[in-house]
Amino acid sequence: MNSSNLKEGIGVGNASAATNRKSVTVMGLGPMGQAMAGVFLESGYAVTVWNRTASKADELVAKGAIRASTVDEALAANELVILSLTGYEVMYAILEPSSANLSGKVLVNLSSDTPEKVRKAAKWLADRGARHVTGGVQVPPSGIGKPGSYTYYSGPREVFEAHRETLEVLTGTDYRGEDPGLAMLYYQIQMDIFWTSMLSYLHALAVANANGITAEQFLPYASSTLSSLPKFVEFYTPRLDEDKHPGDVDRLAMGLASVEHVVHTTEDAGIDATLPAAVLEIFKRGMKNGYAGDSFTSLIEIIKNPVRS
């Protein structure tokens with residue numbers, strides 16, 4: 001019997017038993033799901049895959065993955081099921097018709113959504129006899145299986161610990177706590193920093209381009225500024241935890257003047273000023289609320305209490 005016939009004879013439901021290998025199901029084969037399934041295969045796992053567009057599994061099947069033709073088959077194949085979807089609503093759409101087959105399963109949902117939606121999903125799965133572990137992946141697909149990568153996890157500790165070894169095939173693990181929403185909260189606040197920072201880079205580059213400066217020319221200076229930020233975060237952290245914003249090293253009034261100059265430079269270059277103008281508005285609200293002589297970190301009070309504007 002050739003290898004392809006052997007694999008067909010194994011079938012979806014008893015693949016791991018026949019090969020005596022660790023096994024996992026991966027559902028959702030976008031770039032991230034593809035990368036995860038591929039790394040599991042490279043690490044010797046028996047991998048069952050499912051995707052709504054079945055052809056997305058072709059390359060993985062050619063590498064040794066087992067294609068599940070239905071959601072029920074994908075669930076039946078393994079206790080541990082990794083979900084890599086566009087959001088939690090997709091999870092409901094996929095799993096609700098198969099609710100009767102969720103009992104006893106561990107679903108590690110690596111999809112992005114809000115912490116509150118994650119908490120509701122964990123309860124929905126618990127009501128159907130399944131256990132839910134939330135994951136927030138901190139690397140792009142190219143980082144899966146690479147040193148230095150990591151993923152936030154939260155949910156029942158004993159469930160996480162039982163499957164930690166398998167999850168660490170994908171990335172390092174950073175367990176945040178029992179609350180299923182915590183991993184997603186950490187993920188989203190990291191994305192808050194990432195997208196805001198990257199958009200500010202694009203804005204600065206647009207102003208640079210308008211003045212004849214290329215991205216290559218700007219690179220060392222942009223990198224220098226971005227690499228200096230951790231020092232500022234470290235310096236202000238204890239002050240922020242103590243709710244102290246002394247104006248001993250910086251003052252909001254000085255920051256306001258600086259941001260005004262950024263806005264004017266942007267306008268002079270003929271570039272969209274929406275982003276720095278939004279920053280300027282927050283600074284102005286801080287001034288109106290009496291923080292002129294305090295550090296710019298006092299603006300956290302404006303951000304926390306928008307009704308004070």
Side-chain angles (χ1 to χ4, degrees), residues 7-30 32-41 43-58 60-61 63-113 117-135 137 151 153 155-156 158-160 162-167 169-170 180 183:
K7 187 167 72 173
E8 289 173 4
I10 289 171
V12 171
N14 59 354
S16 61
T19 59
N20 196 30
R21 289 187 290 166
K22 293 181 179 180
S23 61
V24 64
T25 291
V26 177
M27 301 181 69
L29 299 176
M32 186 65 79
Q34 293 264 355
M36 290 177 176
V39 167
F40 278 131
L41 287 170
S43 300
Y45 277 69
V47 183
T48 297
V49 294
W50 178 89
N51 194 75
R52 285 189 290 189
T53 303
S55 60
K56 286 192 175 182
D58 290 349
L60 291 166
V61 170
K63 294 178 180 178
I66 303 163
R67 189 199 318 263
S69 59
T70 66
V71 171
D72 289 335
E73 284 186 6
L75 292 172
N78 296 290
E79 176 195 16
L80 180 62
V81 179
I82 307 290
L83 301 178
S84 181
L85 310 169
T86 55
Y88 273 61
E89 291 305 317
V90 179
M91 180 200 75
Y92 292 119
I94 289 172
L95 296 182
E96 197 156 20
S98 299
S99 291
N101 296 315
L102 287 171
S103 182
K105 302 300 176 181
V106 172
L107 289 101
V108 178
N109 199 330
L110 303 178
S111 315
S112 175
D113 218 309
K117 285 186 178 181
V118 170
R119 294 182 182 108
K120 290 178 180 177
K123 183 180 184 304
W124 183 85
L125 286 166
D127 290 343
R128 288 152 182 79
R131 292 168 294 174
H132 180 275
V133 174
T134 311
V137 185
T151 298
Y153 287 101
E158 70 278 7
V159 179
F160 167 74
H163 298 283
R164 180 201 286 265
E165 182 180 351
T166 296
L167 297 176
V169 170
L170 302 177

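Just so it is clear, the values below take in all heavy atoms, side chains as well, and ignore hydrogens, waters and symmetry mates. As the structure is a computational prediction, the values presented were derived from the model and not from experiment.
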S.K.: From Leu167 CG over to Met36 CE, what is the distance, rounded to the nearest 0.5 angstrom?
M.R.: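 If we round to the nearest 0.5 Å, Leu167:CG and Met36:CE are 9.5 Å apart.
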
S.K.: Kindly determine whether Met91 and Trp124 satisfy side chain to side chain contact (heavy atoms under 4.5 Å, CB included), including the steps that lead there.
M.R.: CA-CA 11 Å; Met91 180 200 75; Trp124 183 85; 4.1 Å; yes

S.K.: Is the number of heavy atoms from other residues, nucleotides or ligands within 6.0 Å of CD (Glu165) greater than 12?
M.R.: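 No, CD of Glu165 has 12 or fewer neighbouring heavy atoms, counting only those of other groups under 6.0 Å.
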
S.K.: Roughly how far, to the nearest 0.5 Å, is the CD1 atom of Ile82 from the OG1 atom of Thr48?
M.R.: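 One gets 12.5 Å once the value is rounded to the nearest 0.5 Å.
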
S.K.: Can you tell me if CZ on Arg164 sees more than 12 non-hydrogen neighbours from other groups inside 6.0 Å?
M.R.: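 Above 12, so yes.
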
S.K.: With a 3.5 Å distance limit and no angle check, can you tell me whether Lys105 reaches the backbone of Val81 through a side-chain donor-acceptor pair?
M.R.: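 Not a single qualifying donor-acceptor pair exists.
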
S.K.: Would a 4.5 Å heavy-atom cut-off, applied to side chains only, mark Leu107 and Leu102 as touching?
M.R.: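 Yes. Closest side-chain heavy atoms under 4.5 Å.
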
S.K.: I need the Ser99 OG to Leu125 CG distance, nearest 0.5 Å.
M.R.: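 Ser99 atom OG to Leu125 atom CG measures 8.5 Å (nearest 0.5 Å).
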
S.K.: Report the residues that fulfil side chain to side chain donor-acceptor pair (under 3.5 Å) with Ser98, sequence neighbours left out, ordered by chain and then residue number.
M.R.: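 Scan of Ser98 (side chain to side chain donor-acceptor pair (under 3.5 Å), adjacent residues dropped) gives Asp72.
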
S.K.: Nearest 0.5 Å, what's the CG-CG distance between Leu85 and Leu95?
M.R.: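 Those atoms lie 8.0 Å apart.
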
S.K.: Is there a side-chain contact between Leu83 and Ile94 in this structure, where contact means two heavy atoms from C-beta onward sitting under 4.5 Å apart?
M.R.: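 Of all side-chain heavy-atom pairs linking Ile94 with Leu83, none is under 4.5 Å.
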
S.K.: Compare every heavy atom of Val169 with every heavy atom of Ser43, then report the nearest pair and how far apart it is.
M.R.: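 Looking at all heavy atoms of both residues, the closest pair is OG-CG1, 3.3 Å.
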
S.K.: Got a sec, which pairs hit salt bridge (charged side-chain N to carboxylate O under 4.0 Å, His left out) with one end in residues 84-102, sequence neighbours left out?
M.R.: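 Not a single pair qualifies under salt bridge (charged side-chain N to carboxylate O under 4.0 Å, His left out).
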
S.K.: Measuring from Leu29:CG to Thr53:OG1, what's the distance to the nearest 0.5 Å?
M.R.: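 The distance works out to 9.5 Å.
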
S.K.: Heavy atoms, side chains only, cut-off 4.5 Å: are His163 and Val24 in contact?
M.R.: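 Counting from C-beta outward, His163 and Val24 never come under 4.5 Å.
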
S.K.: Under the ring-ring contact (aromatic ring centres under 6.0 Å, His included) test, which residues partner Tyr153, sequence neighbours left out?
M.R.: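 Tyr153: ring-ring contact (aromatic ring centres under 6.0 Å, His included) contacts with Phe160.
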
S.K.: Given 3.5 Å as the limit, does a donor-acceptor pair link the side chain of Asn109 with the main chain of Ser111, or not?
M.R.: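 Indeed, once roles are kept as given, a pair shorter than 3.5 Å links the two residues.
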
S.K.: Could you tell me the separation between the CG atom of Leu80 and the NZ atom of Lys22, rounded to the nearest 0.5 Å?
M.R.: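 One gets 11.5 Å once the value is rounded to the nearest 0.5 Å.
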
S.K.: Would you say the side-chain atoms of Thr25 pair up with the backbone N or O of Ala74, donor to acceptor, closer than 3.5 Å?
M.R.: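 Yes; judged by distance alone, with no hydrogens or angles, the pair exists.
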
S.K.: For Ala68 versus Trp50, what's the shortest heavy-atom pair and its separation?
M.R.: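 Closest approach of Ala68 to Trp50, heavy atoms only: O-CD1, 3.3 Å.
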
S.K.: Show the nearest heavy-atom pair for residues Tyr88 and His132, with the distance to one decimal.
M.R.: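 That would be OH-NE2, 3.4 Å.
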
S.K.: Residues two or more places apart in sequence or in another chain: which of them pass salt bridge (charged side-chain N to carboxylate O under 4.0 Å, His left out) with Lys56?
M.R.: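 Partners of Lys56 by the salt bridge (charged side-chain N to carboxylate O under 4.0 Å, His left out) criterion come out as none, since no residue qualifies.
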
S.K.: State which residues pass side-chain contact (heavy atoms from CB on, under 4.5 Å) with Arg131; sequence neighbours excluded, sorted by chain then number.
M.R.: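 side-chain contact (heavy atoms from CB on, under 4.5 Å) list for Arg131, sorted by chain: Glu79, Val106, Val159.
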
S.K.: For Ser84, what residues pass the side-chain contact (heavy atoms from CB on, under 4.5 Å) criterion, not counting sequence neighbours?
M.R.: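 Result, side-chain contact (heavy atoms from CB on, under 4.5 Å) vs Ser84: Met32.
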
S.K.: Take Thr166 and Phe40 through the side chain to side chain contact (heavy atoms under 4.5 Å, CB included) test and state the conclusion after the steps.
M.R.: CA-CA 9 Å; Thr166 296; Phe40 278 131; 3.5 Å; yes

